[in-house]
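Written out below as structure tokens is the structure these notes cover.
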Amino acid sequence: MKTISSKVVKKFVTKPPSLLSSTASLTSIASFNVSNKAFPSSLLDDFTKFCYQRDLPRAMQALELMHTHCIRADCITYSELIKCCLARRAIQHGKRIHVHLFSNGHVPKTFLINILINMYVKFGLLHDAQDVFDKMPDRNVVSWTTMISAYSAAKLNDKALEFLVLMLREGVRPNMFTYSSVLRACDGLFNLRQLHCCIIKIGLDSDVFVRSALIDVYSRWGELENALRVFDEMVTGDLVVWSSIIAGFAQNSDGDEALRLFKRMKRAGFLAQQTTLTSVLRACTGLALLELGRQVHVHVLKYDQDLILNNALLDMYCKCGSLEDANAVFVRMVEKDVISWSTMIAGLAQNGYSKEALKLFESMKVLGIKPNYVTIVGVLFACSHAGLVEEGLYYFHSMKELFGIDPGREHYGCMIDLLGRAGRLSEAVDLINEMECEPDAVTWRALLNACRVHRNVDVAIHAAKQILRLDPQDAGTYVLLSNIYANTQRWNDVAEVRRAMTNRGIKKEPGCSWIEVSKQIHAFILGDRSHPQIREINIQLNQLIYKLMGVGYVPDTNFVLQDLEGEQMQDSLRYHSEKLAIVFGLMSLPRGQTIRIRKNLRICGDCHLFTKLLAKMEQRIIVIRDPVRYHHFQDGLCSCGDFW
DNA sequence: ATAGGGTTAG
């Protein structure tokens with residue numbers, strides 16, 4: 001009974017199986033203005049018309065009448081109606097259609113059942129979808145793929161993978177739709193490699209959807225080489241494939257490669273849109289490339305309604321140390337979500353504006369925006385940064401009650417910082433002991449940092465050992481530990497640390513600083529003299545050191561427990577990369593312009609003092625971003641308050 | 001009829 005023949009209609013018109021009340025039909029008939037004679041065929045015509053006009057209420061009325069009279073329309077019309085339900089999120093109507101389609105033991109075409117399954121999936125009613133799926137007689141590749149896609153989207157990865165296996169077992173061949181869906185559910189490299197093999201075997205690896213999914217999953221598992229391999233084998237490519245690979249590198253903190261790929265993409269003639277720009281901004285953020293970020297900002301203006309993109313822009317300005325720009329973006333944003341607020345709060349705090357950060361948090365609460373886990377991290381960081389111990393303790397102890405958020409590692413990390421800065425080291429130790437979650441290397445580093453500031457050797461050794469247990473590749477901590485031992489004449493221990501380093505093949509990472517001058521990035525590496533102006537820079541540096549010594553600068557050579565980065569050869573102290581970068585900035589940037597440096601390692605005490613005094617003497621604002629802290633030097637002071 | 005890329009954290 002797919003299309004109606006006049007015979008069938010006649011039969012039902014005379015004797016309708018009354019599934020619905022007769023009043024409903026009468027009203028409906030009246031509202032359709034249908035004459036009795038023309039009723040059945042014109043009912044179907046009306047139904048079809050209403051479906052294509054997307055007039056859902058009338059189409060549903062017509063449907064109920066058809067149901068009463070056991071009339072069925074064709075599949076395409078029903079699919080239009082279902083689309084209409086989806087667009088309006090009319091779940092109840094969708095369910096009525098379902099009943100109608102299967103009434104009187106009828107089984108619709110596979111095509112139509114698939115659409116129905118998809119409808120339930122889109123409504124988030126996975127059980128109903130599964131139910132329809134289980135009962136259908138002929139499941140084709142679309143039926144299976146719809147279910148797999150639904151489970152992937154719902155993060156029920158096991159289910160998605162299980163369905164792929166079941167599908168293969170039933171002899172249904174997966175297509176590119178199936179693979180691009182199931183790849184999202186890949187929760188291990190083993191699965192991923194197996195799937196990739198299948199994909200190659202059946203020749204689906206040229207499909208752009210499959211390709212971008214592969215790139216995405218490989219980068220999610222940190223296998224950028226493989227992601228790049230999939231990308232470079234590209235014969236067919238589109239913007240999404242480009243965006244996937246750029247996002248892969250941007251998210252794995254390889255901004256350089258992300259930006260290189262972005263340039264390649266533009267050369268290949270692709271125009272970046274929101275998604276790509278978001279990743280490009282993230283790359284700029286990671287590399288602290290303010291000037292490039294500003295250039296990208298120009299392209300962002302075209303999409304000023306895009307929340308995610310604006311959040312990325314906001315973060316870029318915060319992390320590049322330009323709070324003026326960040327604030328301007330924040331104020332002008334048409335829509336803000338909890339991420340926008342969290343970004344701004346953390347950004348203010350990191351750059352030394354803790355009071356403003358806490359004020360912003362208050363206005364956020366007033367506006368009724370619910371803080372999340374990350375927001376509270378920012379708030380605690382702000383407290384820590386401003387030395388607001390009591391406020392910090394208050395938020396920490398009441399976050400569960402006030403915002404329903406359980407304190408996690410990051411919150412403990414902030415609190416250890418906070419207590420450490422305030423000199424309450426033993427409380428910090430207590431805190432780490434009472435953590436519910438296992439402290440990780442970063443948590444122990446917070447404690448080690450507090451020990452460094454307060455010169456507590458015993459706790460420092462303990463913390464360093466914990467860090468190395470959790471992160472055996474952390475060169476800086478080996479060096480620091482070895483220095484602590486050397487300073488306390490524990491030569492056997494020194495030798496043992498050195499041995500461990502050699503055995504594990506740990507090399508000290510050389511200190512490196514970057515500065516952007518007229519769209520060029522200049523890198524200064526400790527001990528590297530390849531910069532074309534290095535001679536001049538060194539001469540200038542020596543003169544500056546001499547001048548600074550006249551105003552009280554004493555090169556600080558007591559940097560055991562101070563130098564976190566292992567750049568501690570005394571001779572090279574004066575040539576630490578940030579000093580070179582700063583001097584180059586002084587030489588190249590016009591007066592009044594802020595000097596912005598990014599470092600790969602933490603700044604040492606000597607460079608910190610040097611920069612403070614230099615900022616005053618030269619009347620410059622100098623911003624140095626190290627891997628964890630931001631230092632705004634101005635007028636002999638630093639925004640970090642000498643705690644870092 | 002079924003599919004792919006983006007934002008906040010110590």
Side-chain angles (χ1 to χ4, degrees), chain A residues 75-76 79 82-83 109-119 121 140-150 152-153 174-184 204 207-217 219 238-248 250-251 273-282 285 303 306-316 318-319 337-347 349-350 372-381 384 408-418 439-447 449 627-629:
Chain A
C75 290
I76 305 291
S79 80
I82 293 177
K83 267 188 223 163
K109 280 184 180 173
T110 305
F111 164 82
L112 193 51
I113 304 181
N114 285 340
I115 292 175
L116 197 64
I117 296 175
N118 182 49
M119 177 194 78
V121 170
N140 64 14
V141 58
V142 179
S143 332
W144 285 99
T145 303
T146 306
M147 290 312 295
I148 290 175
S149 161
S152 294
N175 61 15
M176 53 273 252
F177 290 82
T178 323
Y179 279 111
S180 49
S181 298
V182 84
L183 277 170
R184 280 203 300 172
L204 288 178
D207 180 77
V208 282
F209 283 79
V210 173
R211 210 179 263 286
S212 56
L214 276 170
I215 292 171
D216 186 45
V217 186
S219 24
D238 68 357
L239 187 61
V240 178
V241 179
W242 278 103
S243 294
S244 308
I245 191 73
I246 293 172
Q251 289 165 352
Q273 26 103 309
Q274 292 102 307
T275 319
T276 334
L277 290 175
T278 307
S279 295
V280 172
L281 279 172
R282 179 156 171 170
T285 306
Y303 308 104
D306 191 308
L307 178 62
I308 297 180
L309 183 52
N310 272 305
N311 284 344
L313 184 68
L314 184 65
D315 192 41
M316 184 277 292
C318 287
K319 297 250 164 54
D337 65 358
V338 64
I339 296 186
S340 328
W341 288 88
S342 308
T343 304
M344 195 67 212
I345 289 170
Q350 284 161 339
N372 67 14
Y373 189 98
V374 183
T375 322
I376 308 300
V377 174
V379 170
L380 294 179
F381 187 80
S384 151
R409 283 200 189 92
E410 291 84 355
H411 301 111
Y412 278 97
C414 287
M415 293 312 289
I416 291 164
D417 250 11
L418 175 89
D440 65 359
V442 189
T443 319
W444 287 109
R445 259 182 225 120
L447 188 64
N449 199 36
V628 274
R629 285 272 199 283

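Please read these numbers as outputs of a predicted model, since none were measured by experiment. To find a chain, count down the sequence lines: A is the first, B the second, and so on, and within it residues start at 1.
Base contact: T276(A) has a heavy atom under 4.0 Å from a base atom. Using a 4.0 Å heavy-atom distance criterion, Y373(A) is classed as a base contact. Residue D440(A) is classed as a base contact, given a heavy-atom separation below 4.0 Å to a base. Residue contacts shown for T443(A) include a base, since a base heavy atom lies under 4.0 Å away. Within 4.0 Å (heavy atoms only), N114(A) reaches at least one base atom of the nucleic acid. A446(A) comes within 4.0 angstrom of no nucleic acid atom, judged by non-hydrogen atoms across all strands. Heavy atoms of K319(A) sit under 4.0 angstrom from primed sugar atoms or phosphate atoms, though from no base atom. Contacts of Q350(A) with the nucleic acid, taken as non-hydrogen atoms under 4.0 Å apart, involve only primed sugar atoms and P, OP1 or OP2. Contacts of L309(A) with the nucleic acid, taken as non-hydrogen atoms under 4.0 Å apart, include base atoms. Nucleic acid contact class of L239(A) (heavy atoms, under 4.0 Å, all strands): base. The residue S244(A) sits close only to the backbone: its heavy atoms come under 4.0 Å of sugar-phosphate atoms, none of a base. Nucleic acid contact for R282(A): sugar-phosphate only, since backbone atoms but no base atoms lie under 4.0 Å from a heavy atom of the residue. Across all strands shown, S342(A) has heavy atoms under 4.0 Å from base atoms, whether or not it also approaches the sugar-phosphate.
Between the CG atom of N118(A) and the OG atom of S149(A) there is a distance of 8.0 Å, given to the nearest 0.5 Å. Interatomic distance, CD1 of I117(A) versus OG1 of T110(A), reported as 9.5 Å (0.5 Å rounding). To the nearest 0.5 angstrom, T276(A) atom OG1 is 4.5 Å from L239(A) atom CG.
The backbone N or O of L380(A) sits nowhere less than 3.5 Å from a side-chain atom of S384(A) that would complete a donor-acceptor pair. In this structure, the side chain of S180(A) does not engage the main chain of A213(A) through any donor-acceptor pair within 3.5 Å.
If you walk DNA chain B from 5' to 3' and mark each nucleotide with an atom closer than 4.0 Å to a heavy atom of chain A, the marks span dA1(B) to dG10(B).
By the ring-ring contact (aromatic ring centres under 6.0 Å, His included) test, W444(A) is found to be paired with H462(A), residues two or more places apart in sequence or in another chain being considered. With sequence neighbours excluded, no residue satisfies ring-ring contact (aromatic ring centres under 6.0 Å, His included) with Y179(A).
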